[in-house]
Amino acid sequence: DVVSTRYGLDYAFSDNFTIGLGYTNHDKITDGFLKYKLLRQRQNSKKGLISITLVQGFSHRSIENTAGSIYQQNSSSDKYAFTSQVLIGRKINTELSLQVAPTFIHRAKNPWSDDPNNQFAIAFGGRHKISNHAAIVAEYFYVANPLKSIETYNTFMVGVNWELSHLLLQFHMTNARNFAEDTFITQTRNNFNAKDGNFHFGFNATWVLQTKKRKLK
């Protein structure tokens, strides 16, 4: 009944380093990230058993302060939040990939509540291919020290990825309605169940544009 849309643009300087920037119209959040692949999994190598990617994200809220909000500071800098993640993944076989992601979130301290300004979470995710172009994906976030001022729930998502050449379509169902990592990880107010409209249906479309052609070796 309420549509939330995020517009984003990512640019990869190399196979290992990517930056991105986006804006969500529903909660008026501007977000961005830096991503660097530290280690790549390699076949038949003991040094490349897993892939490790470092992600540093930020978000800024331009929405006005409201009663009950955990962002009630006066200055603009107090509406920033920072999310640091280590993505540890392994491709088990040609169909199954698994990932675990320790996560640290920092935001300015709210003097009107006892909410922690540093929160810790861990994500568990998986992807299983069901055809050459389709895969089932799922992700769950556990928050070790949740907020105290509002009742929150851990985030869960299950969906389907459909890859068509340079176009990736994603259809998913989740209890989270936000896009910025610090928001949907720590401020999801609905439990994952069929009561009271707690399901949100999402659709993502990602178009990959090659800026230069690779030379074949």
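Residue indices begin at 1 and follow the sequence shown. All values derive from a computational prediction rather than experimental measurement.
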Does a donor on one side chain and an acceptor on the other come within less than 3.5 Å for Asp182 and Ser59? yes
Quick check: do Ile136 and Ile130 have side-chain heavy atoms less than 4.5 Å from each other? yes
Donor-acceptor under 3.5 Å (Glu139 side chain, Gly126 main chain): no
I want to check something: taking the side chain as every heavy atom from C-beta on, are Leu34 and Phe17 in contact at a cut-off of under 4.5 Å? yes
Do side-chain atoms of Thr103 reach the backbone of Ala101 as a donor and acceptor pair under 3.5 angstrom? yes
Return yes if some donor-acceptor pair links the side-chain N/O of Arg6 with the main-chain N/O of Asn25 below 3.5 Å, else return no. no
Report yes or no: do Asn191 and Asn175 form a side-chain donor-acceptor pair below 3.5 Å? no
Beyond-backbone contact of Phe58 with Thr83, side-chain heavy atoms, under 4.5 angstrom: no
When you compare the side chains of Thr152 and Thr188, does any donor N or O come within less than 3.5 Å of an acceptor on the partner? no
Can you tell me how far apart CD1 (Ile92) and NE2 (His128) are? Round to the nearest 0.5 Å. 11.0 Å
Counting only heavy atoms from other residues, nucleotides and ligands, does the tally under 6.0 Å from CZ of Phe104 exceed 12? yes
Between Phe203 and Phe201, is the gap from one ring center to the other below 6.0 Å? no
Quick one, His172 and Val137 - any side-chain contact, counting heavy atoms below 4.5 Å? no
Between the side chains of Asn190 and Tyr153, does any donor sit under 3.5 Å from an acceptor? no
So CG of Asn93 and NZ of Lys129: to nearest 0.5 Å the spacing works out to 11.0 Å
Checking side-chain polar atoms at under 3.5 Å, does Thr30 have a donor or acceptor matched by the opposite partner on Arg61? no
Leu87 vs Lys37 side-chain heavy atoms within contact, under 4.5 Å: no
Between His106 and Phe82, what is the ring plane arrangement, given parallel below 30°, perpendicular above 60°, and tilted in between? parallel
Heavy-atom side-chain proximity of Gln119 to Val143 below 4.5 angstrom: yes
Using only atom types and a distance under 3.5 Å, with no angle test, would you say the side chain of His133 pairs donor to acceptor with the backbone of Glu163? yes
Please state whether the rings of Tyr140 and Phe156 are parallel, tilted or perpendicular, taking 30° and 60° as the class boundaries. tilted
State whether the side chain of Asn117 and the backbone N or O of Ala108 hold a donor-acceptor pair below 3.5 Å, judged by distance alone. no
Would you find a donor on one side and an acceptor on the other, under 3.5 Å apart, between the side chain of Ser131 and the backbone of Ala134? yes
